[in-house]
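What follows is a short report on a single structure.
Chain letters run A, B, ... following the sequence lines, proteins first and then strands; every chain starts at 1.
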2 protein chains.
Amino acid sequence: MSQRSPAKSLSENQNLLSQNLSDTLIEAIVSGQIAQGEKISEPELARHYGVSRGPLREAILKLQGIGLVERVPHVGARVVQLNQQQLLDIYSVREALEGMACRLAAEQLSTIQLDELKKLLEHHQSYLQQHQGKAYFEQQGDFDFHYLIIKGSANQRLVNLLCDELYHLLRMYRYQAAKQVSRPERALKEHWAIWQALADRDGELAEMLMRRHIARARKAIEQQHQTNLTDQSLEAQASATHIQGVNE
Amino acid sequence: MSQRSPAKSLSENQNLLSQNLSDTLIEAIVSGQIAQGEKISEPELARHYGVSRGPLREAILKLQGIGLVERVPHVGARVVQLNQQQLLDIYSVREALEGMACRLAAEQLSTIQLDELKKLLEHHQSYLQQHQGKAYFEQQGDFDFHYLIIKGSANQRLVNLLCDELYHLLRMYRYQAAKQVSRPERALKEHWAIWQALADRDGELAEMLMRRHIARARKAIEQQHQTNLTDQSLEAQASATHIQGVNE
DNA sequence: TAAGCACATATTGTCGACAATTATTTGATC
DNA sequence: GATCAAATAATTGTCGACAATATGTGCTTA
């Protein structure tokens, strides 16, 4: 564990220690303060945050529910290590769930909510033109758009699944992964198309567009993975050649 | 709380108290031993199962993660009370997720797994012809079919979401709800159609059929709800008339 | 030298007790 | 008799300590 934040300890606690703890831990994991695959030591963390092991264990259990950590009986918990396959799995789930959310939102969104969405997209558009697509909108902005639609589905279970469980995993990936190939212009275009379908109350189309939107992101990850593998093998080849050269 | 099972207490514990506890609690809730909406008293349950409150709390926390109980800080946990809307929400989620599972399964299922599925359906068919569609296959049999497909998707996250989280909620509903209108013959027919699409490796069709299959079940619930409402209002009307009659 | 076993250490699982908060009862007032 | 307030009781949240299990170390033996 590399220098956890200097003991913000009791943090902005209103009450409920374990609640705050799990939030703090989520941030620590998502931001990489606790690395992927790292062991979570109960005594160490308890000391660090200045709490007993009881609330800490409860927080860890919650993280396990979210899927951020995995626990083995009598051995302990470690932060999950997202491999490419798991990431792709998540995107398949997202495609299914957010597609459904979009379909429902087309029926449920109020005109006010539709307006908010429109303003959000206009904001993104102007930002994109001015800043040539900087990181902020590729991340937070994208989240905002999807968030509003999910919430607009008015399906509480859908909202929980996407916003509470999968959300943090995606954040962790986006935060820590090698910067993915991002095409903010294209993404924005797709967002507009989705918005149009929503405004037309065309749930079927909205679902299809959202699914394609996410499926494209999934494919991009897949391709990047291929690229990485190629790079790696090239690198390994070069390295091997180099060593060979040295040896001879 | 109406007579919990006579203290099977430590149950078939291998090790890991909280693990066994959560399983035991899940069964108790699903089967209705602990009623929907009932308060979960930590001291009482701890006494009943002969454990400390520590493991019990962990088990409750897990149930919360599954969605079987809801907790309010400093107040406690109670078993969720599924209303019609929440049930319909679950079916929407199922439609999305199992649809995706079916699409993936079409690509992933081995010929052996396809054969297993076929045998299962043949078994159901013969049973149905012999027993005129008794309850077992409407419940467990249906679960088995969906289970195999979900597992066959080879998407671990999908499997977890459906088999660990939503599964118990559905069981609780099916176990406790007023018997739903069930059409085992039609369901079996739909299962066969899905199987055919899977065998043809037609993921797109398989997804569509599965979604329709679940959407139909959802509609049946919706209609039954309408019926119940009508019955209720009729009943209320009759009752009111009766009272009126008595008063006059 | 490598493999296997015994011991020591550390970590996780469980427990009982205390503190903080909520629910209930009691009593007083209108 | 009803309503509100205070005191009591009960429940949840947190803590520290002990028991059970896993990990690491050093020694023996093939």
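One finds the CD atom of Q19(B) at 10.0 Å from the OG1 atom of T24(B) (value rounded to the nearest 0.5 Å). The line from CG of L87(B) to CG of L169(B) is 9.5 Å long, rounded to the nearest 0.5 Å.
The CD-P distance, from E58(A) to dT12(D), rounds to 12 Å in whole Å. To the nearest angstrom, C1' of dT14(C) lies 12 Å from CD of E42(A). The CG atom of L45(B) sits 12 Å away from the P atom of dT11(D) (whole-angstrom rounding). The CZ-P distance, from R47(A) to dG16(D), rounds to 13 Å in whole Å. As a whole-Å value, the separation of E44(B) CD from dT11(D) P is 9 Å. Atom CD of E70(B) is separated from atom P of dT12(D) by 16 Å (rounded to the nearest Å). In this structure, R71(A) atom CZ and dT21(D) atom C1' are separated by 14 Å, rounded to whole Å. In this structure, the CG atom of L61(A) is 11 Å from the P atom of dT14(C), given to the nearest Å.
Residue I40(B) is the one, among V51(A) and I40(B), whose nearest nucleotide of DNA chain D lies closer to the 5' end (criterion: closest heavy atom).
The listed nucleotides are dT12(C), dT11(D), dC15(C); the one nearest the side chain of K39(A) is dT12(C). In the set dT12(C), dG13(D), dG16(D), dT12(C) carries the atom at the smallest distance from any side-chain atom of R53(A).
The phosphate of dG13(D) has OP1 or OP2 within less than 4.0 Å of a side-chain N or O from R57(B).
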Pair L109(A)-L117(A), side-chain contact (heavy atoms from CB on, under 4.5 Å): steps then yes or no: CA-CA 10 Å; L109(A) 282 174; L117(A) 261 181; 4.1 Å; yes
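No contact: L56(B) has no heavy atom under 4.0 Å from any strand. Looking at heavy-atom distances under 4.0 Å, L21(A) makes no contact with the nucleic acid at all. Here G54(B) lies out of heavy-atom contact (under 4.0 Å) with every strand.
Ion pairing between R57(B) and E42(B) holds under the 4.0 Å rule for side-chain N and carboxylate O. Contact check on R174(B) versus D142(B) returns a salt bridge, with a Lys/Arg side-chain nitrogen under 4.0 Å from an Asp/Glu carboxylate oxygen.
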Atom pairs and distances, donor-acceptor, side-chain atoms in residues 159-168 of chain B, under 3.5 Å, two or more places apart:
| from | atom 1 | to | atom 2 | distance (Å) |
| --- | --- | --- | --- | --- |
| N160(B) | OD1 | Q156(B) | NE2 | 3.4 |
| H168(B) | ND1 | R171(B) | NH2 | 3.4 |

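Within the structure, the salt bridge (Lys or Arg N to Asp or Glu O under 4.0 Å) test picks out no pair touching residues 62-82 of chain B (sequence neighbours left out).
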Grab the N/O contacts between the protein and nucleotides 22-25 of chain C below 3.5 Å, and write none if there aren't any.
none

